Amino acid sequence: VGVFHLGVDRFGYDQFSSNKFGIGYSRKFGKIFSLGTQINIHWLHIGDIYGNKVTASGSLSFIVKPMKNWVIGANVYNITATPISIDARDRINTIFRLGTSYNVADKLLISVEGEASLQYDPTFKAGLEYKPIKILAIRAGINTYPMSPTFGFGINYKKIMFDFAGKWHPVLGFSPIGSFSYSFGK
């Protein structure tokens, strides 16, 4: 049947904040291919002069699993090139991601990702996931542009998944991210 998921992102301060609420659906097609899509509602607050703006965007992802321990995935975020204002230059960033992960052992996953966007320089990401027990994953990583460390954890209990992560940005500081998913079907 597939998996529905909900996600919430927020970062900023009193004069600027970006909030995203997303709902998505993912489904396997055969043993090695999966496809997913997500619709996001963005609420932007830009000071007292510009005020608030609410808009929507969409994304599309796929995953290929060529071997038992190896996964390759890609994502296009804001595939709709959603504008924030009447000015065509004011858009939510469109981001292209390509990554891969490999399970070195039952408890250790290594992942790498390249990211390019229409507004910023390309960046490279690398991370590790360690599972000390079956339901708990502890994660750490690095992003090269701007250079920023990340950390997080995930809990996967039966069909319920909860993830929390944090990123330290040199200008914005700490940005937390959380998601909750429930899997329908097997």
Side-chain angles (χ1 to χ4, degrees), residues 3 5-11 18 20-29 31-40 42 57-82 91-131 136-156 161-181 183:
V3 176
H5 60 270
L6 300 171
V8 178
D9 273 347
R10 184 189 192 302
F11 72 87
S18 174
K20 180 182 77 173
F21 307 93
I23 184 168
Y25 177 74
S26 304
R27 182 169 181 215
K28 284 180 117 177
F29 296 91
K31 293 183 180 182
I32 66 168
F33 183 75
S34 298
L35 187 64
T37 187
Q38 181 166 315
I39 296 171
N40 303 302
H42 302 268
S57 70
S59 64
L60 186 64
S61 304
F62 76 86
I63 293 175
V64 176
K65 193 172 182 181
M67 294 175 16
K68 180 182 177 184
N69 294 340
W70 183 29
V71 177
I72 301 167
N75 170 267
V76 180
Y77 178 78
N78 191 23
I79 198 167
T80 54
T82 301
R91 297 191 175 277
I92 294 171
N93 196 11
T94 298
I95 303 170
F96 306 92
R97 296 180 182 105
L98 178 63
T100 187
S101 65
Y102 188 77
N103 270 25
V104 179
D106 288 341
K107 295 183 177 191
L108 182 64
L109 175 78
I110 297 174
S111 61
V112 294
E113 177 184 293
E115 179 181 295
S117 77
L118 300 181
Q119 297 177 355
Y120 301 106
D121 290 337
T123 186
F124 175 77
K125 302 172 186 180
L128 297 173
E129 177 184 85
Y130 175 65
K131 289 187 173 181
L136 176 66
I138 300 169
R139 304 177 183 113
I142 192 80
N143 185 13
T144 62
Y145 182 79
M147 187 62 76
S148 18
T150 60
F151 67 91
F153 67 91
I155 297 172
N156 188 344
M161 293 154 278
F162 172 76
D163 289 287
F164 178 81
K167 177 178 182 177
W168 184 262
H169 189 280
V171 176
L172 298 174
F174 178 72
S175 295
I177 300 167
S179 71
F180 172 79
S181 301
S183 177

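Residue numbers start at 1 and run along the sequence shown. This is a predicted model, so every value here is computed, not measured.
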Next on the checklist: Among residues at least two apart in sequence or on other chains, which ones pass side-chain hydrogen bond (donor to acceptor under 3.5 Å, both in side chains) with Ser34?
Outcome noted: none
Checklist entry - Nearest 0.5 Å, what's the OH-CG distance between Tyr102 and Asn69? => result 5.0 Å
Item to check | Residue pair Phe96, Leu118: steps toward the side chain to side chain contact (heavy atoms under 4.5 Å, CB included) verdict | outcome: CA-CA 9 Å; Phe96 306 92; Leu118 300 181; 4.1 Å; yes
Item to check | All side-chain hydrogen bond (donor to acceptor under 3.5 Å, both in side chains) counterparts of Asn103, not counting sequence neighbours | outcome: none
Checklist entry - Considering all heavy atoms of both residues, which atom of Thr100 and which atom of Val71 are nearest to each other, and what is their separation? => result OG1-O, 2.9 Å
Item to check | CA sep, side-chain torsions, deciding dist, call: Leu136, Ile155, side chain to side chain contact (heavy atoms under 4.5 Å, CB included) | outcome: CA-CA 5 Å; Leu136 176 66; Ile155 297 172; 4.3 Å; yes
Item to check | Heavy-atom closest contact (Trp168 atom, Ser148 atom, distance) | outcome: O-CB, 2.8 Å
Checklist entry - Measuring from Asn75:CG to Thr37:OG1, what's the distance to the nearest 0.5 Å? => result 9.5 Å
Item to check | Closest non-hydrogen atom pair, Gln38 against Asn40 | outcome: NE2-OD1, 2.6 Å
Next on the checklist: Just to verify, what does Glu129 make a salt bridge (Lys or Arg N to Asp or Glu O under 4.0 Å) with, not counting sequence neighbours?
Outcome noted: Arg139
Next on the checklist: Does either side chain, that of His42 or that of Ser57, offer a donor lying less than 3.5 Å from an acceptor on the other one?
Outcome noted: yes
Checklist entry - Within a strict 4.5 Å, meaning less than it, do heavy atoms of the Pro170 and Met147 side chains meet? => result no
Item to check | Value rounded to 0.5 Å, distance of CZ in Phe33 from NZ in Lys28 | outcome: 12.5 Å
Next on the checklist: Tell me if the NZ atom of Lys20 is crowded by more than 12 foreign heavy atoms within 6.0 Å.
Outcome noted: yes
Next on the checklist: For Phe153 and Phe162, take the angle between the two ring planes, folded into 0 to 90°, and tell me which bin it lands in: parallel under 30, tilted 30 to 60, perpendicular over 60.
Outcome noted: tilted
Checklist outcome for this item: Between Ile142 and Thr150, the two heavy atoms sitting closest are N-OG1, 4.1 Å
Item to check | More than 12 heavy atoms of other groups within 6.0 Å of Asp121 CG | outcome: yes
Checklist outcome for this item: CG (Leu60) and OG1 (Thr80) are apart, to the nearest 0.5 Å, by 11.5 Å
Checklist entry - Any side-chain heavy atom of His5 within less than 4.5 Å of one from Ser26? => result yes
Checklist entry - Just wondering, are more than 12 heavy atoms of other shown residues or ligands nearer than 6.0 Å to OH in Tyr120? => result no
Next on the checklist: I want to check something: taking the side chain as every heavy atom from C-beta on, are Tyr145 and Pro122 in contact at a cut-off of under 4.5 Å?
Outcome noted: no
Next on the checklist: Tell me which one of Val112, Thr144, Asn143 satisfies side chain to side chain contact (heavy atoms under 4.5 Å, CB included) with Lys125.
Outcome noted: Asn143
Checklist entry - Quick one: CG on Leu128 to CD1 on Ile138, what's the gap to the nearest 0.5 Å? => result 12.0 Å
Checklist entry - Do the non-hydrogen side-chain atoms of Lys167 and Ile177 ever get within less than 4.5 Å of each other? => result no
Item to check | Heavy-atom side-chain contact between Thr94 and Ile79 under 4.5 Å | outcome: no
Checklist entry - Rounded to the nearest 0.5 Å, how far apart are OH of Tyr77 and CD1 of Ile92? => result 6.0 Å
Next on the checklist: So does Gly127 get a backbone contact from the side chain of Glu113, meaning a donor-acceptor N/O pair under 3.5 Å?
Outcome noted: no
Checklist entry - So, for Ser59 and Asn78, which heavy atoms are closest and what is the spacing to 0.1 Å? => result CB-N, 4.3 Å
